[in-house]
Structure formats: C-alpha cells, structure tokens
Amino acid sequence: MFQRLFGRERHANRAITEALYAQIVAAARQTVFYSEWNVPDTPLGRFEMLSLHMFLFQHRLRGQGGVAGEVAQVLIDEFFMDVEHSLRELGIGDVGVPKRMRKLAKMFYGRTAAYDDALQRDDRDALAAALARNVRPDAGNWPQAPQLASYVVDAVSKLTEQPTDSIVSGTVAFPVAKAA
C-alpha cells in the first residue's frame with residue numbers, strides 16, 4: 001500500500017497528468033486562434049481557449065467511470081490550480097484570489113453548460129453564438145465564431161475516436177486549427 005501511495009505509481013500518475021495538461025494547453029495556444037480567428041491574445045482570451053479545451057477533454061471523458069473519471073477530476077483540479085497560479089502571477093493578492101477564482105469557476109461552468117447544450121442539440125449556430133458571447137463579448141459580430149464552432153465539432157469527433165485507454169495513459173490529440 002505504501003508503495004502505491006508514495007512510490008512509482010504516484011509518480012507515473014503525475015507524469016500522465018502533466019502530459020495530458022500540457023497537450024490541452026498546447027491545443028489551446030494554437031497560433032491560428034489568436035492570429036487568424038481574432039481570439040484576444042490577453043489573459044482572458046487565453047483563459048477562454050484553455051477553458052474550451054478543458055471542456056472538450058471533460059466532455060470526452062464524461063460518464064466514464066474508474067480511472068477515466070479519476071483522470072478527468074485530476075485534470076479539472078490541475079486546471080483550476082493553474083488558473084489560480086496565473087492570477088497570482090498577474091499580481092492579484094491573497095485577498096482577491098478567492099473572489100476571482102469563484103468568478104472564473106462560475107464563468108467556466110456557465111460556458112461549458114452552453115457549449116454542451118449546443119452540442120447535444122447539434123446546433124452549430126447556437127455553438128457559434130455561445131462562443132462569440134464568451135470569447136468576444138465586446139465584438140458584437142465576430143465573423144470567426146463559425147470557424148471556431150467547426151473546430152469544436154471536429155475536436156469532439158476526433159476525441160471520440162481516441163480510445164479511452166490511450167487518453168488515460170497520457171495521450172490526447174486535438175485537431176489542428178487551420179486558417180480559412
């Protein structure tokens with residue numbers, strides 16, 4: 001038992017978590033999002049894209065029990081720890097971090113509910129509208145929203161094709177976003 005808690009398995013699980021999180025972050029940082037699709041290259045814009053990719057990962061593993069469920073939970077915990085760390089790097093003090101974290105968690109779960117609803121109804125227009133409302137709330141009309149919605153649908157499909165065993169072993173692949 002101690003070997004499992006403090007030994008190799010714990011380090012292997014950490015390596016898997018770090019590998020998955022790095023792949024999610026890399027997918028969220030694809031240059032096309034910021035250079036071609038006009039996602040704001042700001043802390044909030046990067047939060048939106050990381051949130052979107054974390055949603056896609058969680059969406060893929062939803063309903064999976066056992067190890068997959070555990071991995072999904074560990075990754076969402078990692079995501080929120082990373083967000084908290086980023087707030088501190090931006091200079092938010094100890095007093096302000098909990099308030100901002102509550103706000104960002106509410107934002108995350110609100111967005112994921114909207115994206116999930118649009119995907120369940122297979123409504124790309126609703127998905128594009130939700131993405132525009134969240135990623136570019138100040139833009140009014142955001143012409144690239146349908147491109148991002150298509151990317152999300154492609155990502156759901158690509159993630160669905162990946163075996164759960166492969167994902168929980170540390171490999172997840174998102175599609176490459178391409179300029180129009």
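Every heavy atom of this structure was used, including side-chain atoms; hydrogens, water molecules and symmetry mates were not.
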Between the CD1 atom in I16 and the CD1 atom in I167, the distance rounded to the nearest 0.5 Å is 12.5 Å
Hey, what do you get for CG (L52) to CD1 (I24), rounding to the nearest 0.5 Å? 11.5 Å
Give a yes or no on this: more than 12 heavy atoms of other residues, nucleotides or ligands lie within 6.0 Å of atom CZ of R29. no
Between Q58 (side chain) and M54 (backbone), is there a donor-acceptor pair under 3.5 Å? no
Side chains of Y34 and M49: closer than 4.5 Å at any heavy-atom pair? yes
Nearest 0.5 Å please: distance from the CD atom of Q162 over to the OG1 atom of T171. 8.5 Å
For R62, enumerate each residue passing the salt bridge (Lys or Arg N to Asp or Glu O under 4.0 Å) test, keeping only those at least two apart in sequence or located in another chain. D116
Side-chain donor-acceptor pairs under 3.5 Å in residues 68-78, sequence neighbours left out?
residue : atom : partner : partner atom : Å
Q73     : NE2  : D77     : OD1          : 2.8
E78     : OE1  : R14     : NH1          : 3.2
E78     : OE1  : R14     : NH2          : 3.4

Can you give me the closest heavy-atom contact between P163 and R60, atom names plus distance? C-NH2, 3.8 Å
Of all residues at least two apart in sequence or in a different chain, which pass the salt bridge (Lys or Arg N to Asp or Glu O under 4.0 Å) check with D154? none
Side-chain donor/acceptor of W142 to backbone N/O of W37, under 3.5 Å: yes
Which heavy atom of A128 sits nearest a heavy atom of A145, and at what distance? O-CB, 3.6 Å
Among F33, F79, F108, find the residue that satisfies the ring-ring contact (aromatic ring centres under 6.0 Å, His included) test when tested with H53. F33
Where is the tightest heavy-atom contact between F174 and L159, given as atom of each residue plus distance? CE2-CD1, 3.8 Å
Looking at Q147 and A177, would you say the former's side chain and the latter's main chain have a donor-acceptor pair under 3.5 Å? no
If hydrophobic clusters are built by linking Ile, Leu, Val, Met, Phe, Trp and Tyr wherever their side-chain heavy atoms come under 4.5 Å apart, do M107 and Y109 end up in the same one? yes
For a 4.5 angstrom cut-off between non-hydrogen side-chain atoms, does L131 reach P146? no
Salt bridge (charged side-chain N to carboxylate O under 4.0 Å, His left out) pairs, two or more places apart, involving residues 44-58: D41-R46, E48-R111
Salt bridge (Lys or Arg N to Asp or Glu O under 4.0 Å) against D117, all qualifying residues, sequence neighbours excluded: R121
Taking all non-hydrogen atoms of both residues into account, name the closest pair between A114 and A130 and its distance. CB-CB, 4.1 Å
A side-chain contact here means heavy atoms from C-beta on lying under 4.5 Å apart; do V32 and Y151 qualify? no
Quick check on side chain to side chain contact (heavy atoms under 4.5 Å, CB included): which of V152, L119, V153 does R124 satisfy it with? V153
Sequence neighbours left out, what pairs pass salt bridge (charged side-chain N to carboxylate O under 4.0 Å, His left out) with at least one residue falling in residues 135-149? R136-D138
Does the side chain of M81 reach to within under 4.5 Å of the side chain of Y21, using non-hydrogen atoms? no
To the nearest 0.5 Å, how far apart are OG in S150 and CD in Q144? 12.5 Å
